[in-house]
Amino acid sequence: MSSILSERQQDDLHKAMLDYLHTNGFHKTYDQFKTELPNQADFQPDPSAKTSGLLAKKWTSVIRMQKKIMELETRLAQALEDSSHIALPNGTGGKQSNTDWLPTASSAKHTLTGHRGTVNAAAFHPIYSVVATASDDFTVKVWDWDSGELERTLKSHTKRVSDCQFNSTGTTLVTCGYDLFIKLWNVENDYQNFATLRGHEHSISSARFLPGDDKIISSSRDHTLRIWDIASTHCIKVISPHDAWIRCAVPSEDGRLFITASGDHTSKVVELSSGDVKAEFRGHENDVEAAEFCPPHAVAAIRELVAVKAPQGAQALANQGPVFAVTASRDKTVKIWDVNSGQCLHTLHGHDDWVHAIVFHPNGQYMLTAADDHTIRIWDLKTGRCTRKIEAHVQFVTSMSWGRQVVGSVNQASDKDPNAGPRLVNVIATTGSDQSVKIWVPTR
């Protein structure tokens, strides 16, 4: 059988093998192998020869090459997947729109660095390409997420800043922190801090505008929720639905209800006007970190998942309001609940650590979650399956936010690049304990 190696290559290989055997103390094998190679009878190991250590070098290089090939295959598969999600011109004046876009590993447009502590929350401005981030370094930073540039740093809190949110018109930013303060910032007046709300007796976890933007609901480690009137800056109601740290309180779209997440392993739906608990979700085995009402556009997909038919006629009118809710917990699971009965309808398993954030896709077909396992996971709401796992941060992913905004202007459009004009884009911000913020957008 003819060899695939040339005579010279065979000679170098034999010398390398003899050198390896001699160097590693296989002297009997060395002598026997040498007798079977008459043309190597005069071979003597020489550390300065080119064949010295060659076998080990070739072996390690093969391993490195195999690893590199595997990495390239993974990148190629990811690139092919990314290409299927590229936002294409929709034929309307060069605008780009991809309502079904889902993030991929290569969708991270910017990594925003500048915070000196864990970043706990990110909030998109409803009109401009602006995102605000809240951090353990006592500051709130305001960024242009399209360019990746830092616009300003807000310094007023004296401890960890845990949450931030713009109102629906983008004129006011609310922040809260472990210094027991809720602060309001005038966006149109260079983010001047125009009010500070005081009343909580322990760390404040969240602060959100209620529909109408005239009130704020906050949650705290003091086991209470407080409703604040912005005009007077007074606390107008205190609600105590839990006997443990309340991680968040999120209002429904109509403002009649809100949903909580608590350290007592439960989530509750509470009526804002009366403070009465309308539903209690029990089933998690650890602290509930996040809770969200299912938006109307995602209800149909969840009905298909849990095989629940839509109500008809008078029953449909009676059941107006949130239908489903989703909770995320330190027990590594995400659960879907019936808001009216309090029954757990489905449990999503996949994360390997505490789950911190829940975001619904605008098309109503998917839900995204983020966790301490460094990943974002994308779930198909019709099947309950995890369709994609993205390594988002090198440490814990602490929050996630979804925005949908117009970027660019008509003046930027040209015949050479029609996509340079205004375009409607989906954008995601994730924050991490690695002190960074990542901006995820469709590939142009």
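What's counted below: heavy atoms across the whole structure, side chains too, no hydrogens, waters or symmetry copies. In what follows, residues are counted from 1 in the order of the sequence shown.
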Under the rule for side chain to side chain contact (heavy atoms under 4.5 Å, CB included), what residues qualify as partners of Arg221, not counting sequence neighbours?
His202, Ser203, Trp245
Trp402: which residues meet the ring-ring contact (aromatic ring centres under 6.0 Å, His included) condition with it, sequence neighbours left out?
Trp101, His361
Side-chain donor-acceptor pair under 3.5 Å between Ser399 and His356, yes or no?
no
For Leu272, enumerate each residue passing the side chain to side chain contact (heavy atoms under 4.5 Å, CB included) test, keeping only those at least two apart in sequence or located in another chain.
Leu210, Ile227, Phe258
Tell me the salt bridge (Lys or Arg N to Asp or Glu O under 4.0 Å) pairs involving residues 131-141, sequence neighbours left out?
Asp136-Arg160
With sequence neighbours left out, what residues match Arg282 under salt bridge (Lys or Arg N to Asp or Glu O under 4.0 Å)?
Glu280
Output all residues satisfying ring-ring contact (aromatic ring centres under 6.0 Å, His included) with Trp337, sequence neighbours left out; order by chain, then residue number.
Phe281
Is there any salt bridge (Lys or Arg N to Asp or Glu O under 4.0 Å) pair reaching into residues 166-190, and which pairs are they, with sequence neighbours excluded?
Arg152-Asp190
The single option from Ser252, Ser273, Pro251 that satisfies side chain to side chain contact (heavy atoms under 4.5 Å, CB included) with Leu257 is Ser252
Could you pull out all residues at least two apart from Asp264 that satisfy side chain to side chain donor-acceptor pair (under 3.5 Å)?
His242, Ser262, Thr266
Is the closest basic N to carboxylate O distance between Lys382 and Asp380 below 4.0 Å?
no
For residues 211-234, which residue pairs pass the ring-ring contact (aromatic ring centres under 6.0 Å, His included) check, not counting sequence neighbours?
none
Is it true that a side-chain atom of Thr60 and a backbone atom of Lys57 form a donor plus acceptor pair closer than 3.5 Å?
yes
Could you list all the salt bridge (Lys or Arg N to Asp or Glu O under 4.0 Å) pairs where at least one residue sits in residues 343-363, not counting sequence neighbours?
Asp352-Arg377
Pair Leu173, Leu154 - check side-chain contact (heavy atoms from CB on, under 4.5 Å), show working.
CA-CA 11 Å; Leu173 174 70; Leu154 309 180; 3.9 Å; yes
With Glu292 via side chain to side chain contact (heavy atoms under 4.5 Å, CB included) - residues at least two apart:
Val250, Ile358, Phe360
Where does the angle between the aromatic ring planes of His374 and Phe396 fall among parallel (under 30°), tilted (30 to 60°) and perpendicular (over 60°)?
tilted
Looking at Asp243, I want to see if its CG is surrounded by more than 12 non-hydrogen atoms of other residues, nucleotides or ligands under 6.0 Å.
no
Sequence neighbours excluded, which residues qualify as side chain to side chain contact (heavy atoms under 4.5 Å, CB included) partners of Ala370?
Ala357, Val397, Met400
